[in-house]
**Q** 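One structure follows; several queries about it will come next.
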2 protein chains.
Amino acid sequence: MVEKWLEQLRKNGYRLTEARQAVIQVIVKSNYALTPFQVYEAARAQYPALGLVSVYRTLEKLEELKLIRRVHQDCGCNAYLPQAEGHQHLIICQKCGLACYFEGDDLEDLFTKVGADHGYEVTGHWLQLFGTCAECEQK
Amino acid sequence: MVEKWLEQLRKNGYRLTEARQAVIQVIVKSNYALTPFQVYEAARAQYPALGLVSVYRTLEKLEELKLIRRVHQDCGCNAYLPQAEGHQHLIICQKCGLACYFEGDDLEDLFTKVGADHGYEVTGHWLQLFGTCAECEQK
DNA sequence: GATATAATTGAAAATGATTTTCAATAGAAG
DNA sequence: CTTCTATTGAAAATCATTTTCAATTATATC
Ligand SMILES: [Mn+2]
Ligand SMILES: [Mn+2]
Ligand SMILES: [Zn+2]
Ligand SMILES: [Zn+2]
């Protein structure tokens, strides 16, 4: 997975630097939406010279390449998760933040109709579920 | 509508000041999500002495009282709309920003099931449609 | 492997949005 | 009208993010 992301960077003319590899390594397999600062802290364990600025710059490029996506929550909209394949939506645990994607919601037709009823041509939708994950539930 | 909001403020022990009335008057009937600064500019037409700080403070209270809600979009998450009655969702025009609520999506059961399949107890969801409104469409 | 070149870096400064501080003002209650 | 305190706007402070810039380093070429 790290390899795929690095390949994407290389393919787009970006250099494979230590800073970028440290950032990628932190976010590529995360099940939790991470803020730039959280990425910074975690990545510095592997590469202490890393600057927060480079985290911002790397996240920007990863988002551009659709490898990560910004996650919106009540508590803030500046955290990132790996982007899912195809058309998927998120479920996020309100207690611990554990995130997971699901697909097959098949709601396009419904949304197109709802929109039409209100005079809109629907071109996209945002859907996110909130709840409690199995682990947090049993506590 | 303005009266209802003022009554809500009064009922909760807040004073009915000129600053608050100017802010309310701008946002209470808006079909467009407005940023604090946009509210500030519009409200100053009615009450020129208004300070931006008071806009922030008033929006905070109106959100607390669930009279307005924050709207999330790709371009930013710091704009506000009047809150709809009951359980409704938004459709927003990507061209002009015209917002409108719809209800009756009846998806609770589907979401509960999807969540359960992934080990989550679903407690809420967040749905927003994007598209082109009738007026922008015909241009 | 050495060299040239431009992309990338981290530190520091700048920016922009929001929050806090504070003395002055003005609602509300008597 | 007077008292009391919530609220105000201006200015300062804070916080996240972006820009600037000289030094470094990844990559292509020799
Ligand atoms: Mn969908
Ligand atoms: Mn719903
Ligand atoms: Zn958001
Ligand atoms: Zn959890």
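Residue numbers start from 1 in every chain, and the chains themselves are labelled A, B, ... in the order their sequence lines are given, proteins ahead of strands.
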**Q** Using a 4.0 Å heavy-atom cut-off across all strands, classify A:Phe37 as base, sugar-phosphate, or nothing.
**A**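 Counting heavy atoms under 4.0 Å across all strands, no contact is made by A:Phe37.
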**Q** Mind jotting down which residue pairs meet the ring pair (Phe, Tyr, Trp, His ring centres under 6.0 Å) criterion with at least one end in residues 4-38 of chain A? Sequence neighbours excluded, please.
**A**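 Listed once each, the pairs are A:Phe37-A:Tyr40.
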**Q** How long is the line joining CZ of B:Arg57 and P of D:dT8, in whole Å?
**A**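 Computing the B:Arg57:CZ to D:dT8:P distance gives 6 Å.
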**Q** Can you see if the side chain of B:Arg15 gets near the phosphate of C:dA29 - specifically, an N or O under 4.0 Å from OP1 or OP2?
**A**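 Result: no.
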**Q** Between P on D:dT8 and CG on B:Leu59, what's the gap in Å once rounded to a whole number?
**A**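 For the pair B:Leu59 CG and D:dT8 P, the rounded distance is 12 Å.
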**Q** How long is the line joining OH of A:Tyr40 and C1' of D:dC15, in whole Å?
**A**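 In whole Å, D:dC15 C1' lies 15 Å from A:Tyr40 OH.
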**Q** Send over the distance from A:Tyr47 OH to D:dT25 P, rounded to a whole Å.
**A**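 For the pair A:Tyr47 OH and D:dT25 P, the rounded distance is 7 Å.
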**Q** B:Leu16 side chain: which of C:dA28, C:dA17, C:dT8 is closest?
**A**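 Per side-chain heavy atoms of B:Leu16, the pick is C:dA28.
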**Q** Does a donor on one side chain and an acceptor on the other come within less than 3.5 Å for A:His125 and B:His89?
**A**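 Result is no, nothing qualifies.
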**Q** Check whether any side-chain heavy atom of A:Gln128 sits under 4.5 Å from a side-chain heavy atom of A:Val71, and report yes or no.
**A**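 Yes, close enough: below the 4.5 Å cut-off.
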**Q** Measure from the side-chain heavy atoms of A:Tyr56 and tell me the nearest of D:dA16, D:dT8, C:dG27.
**A**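 Closest of the options to the side chain of A:Tyr56: D:dA16.
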**Q** At under 4.0 Å, does any side-chain N or O of A:Asn78 touch on OP1 or OP2 of D:dT17?
**A**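 It does, given that an N or O in the side chain of A:Asn78 lies less than 4.0 Å from OP1 or OP2 of D:dT17.
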**Q** Would you call A:Glu85-A:Lys4 a salt bridge at under 4.0 Å N-O?
**A**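 A:Lys4 and A:Glu85: salt-bridged.
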**Q** Looking at A:Thr17, does any N or O in its side chain come under 4.0 Å of the phosphate oxygens OP1/OP2 on C:dT9?
**A**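 Yes, such a contact exists.
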**Q** Over how many whole Å does the gap from A:Gln38 atom CD to D:dA16 atom P extend?
**A**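 To the nearest whole Å, that distance equals 12 Å.
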**Q** If I take atom OH in residue B:Tyr80 and atom P in nucleotide C:dT18, what distance separates them, rounded to the nearest angstrom?
**A**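 It is 8 Å, rounded to the nearest whole Å.
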**Q** Is the shortest side-chain N/O distance from B:Arg20 to OP1 or OP2 of D:dT8 below 4.0 Å?
**A**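 The answer is yes; a side-chain N or O of B:Arg20 sits under 4.0 Å from OP1 or OP2.
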**Q** With the side chain of B:Val53 defined as its heavy atoms from C-beta on, choose the nearest nucleotide among C:dT8, C:dT20, D:dT7.
**A**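 The closest nucleotide is C:dT20.
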**Q** In whole angstroms, how far is the C1' atom of C:dA17 from the CG atom of B:Leu52?
**A**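 That distance rounds to 9 Å.
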**Q** Can you pull the side-chain hydrogen bond (donor to acceptor under 3.5 Å, both in side chains) pairs that have at least one residue in residues 93-103 of chain A, sequence neighbours excluded?
**A**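 Not a single pair qualifies under side-chain hydrogen bond (donor to acceptor under 3.5 Å, both in side chains).
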**Q** Rounded to the nearest angstrom, tell me the gap between atom CD in B:Gln21 and atom P in D:dT8.
**A**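 Interatomic distance, CD of B:Gln21 to P of D:dT8: 11 Å.
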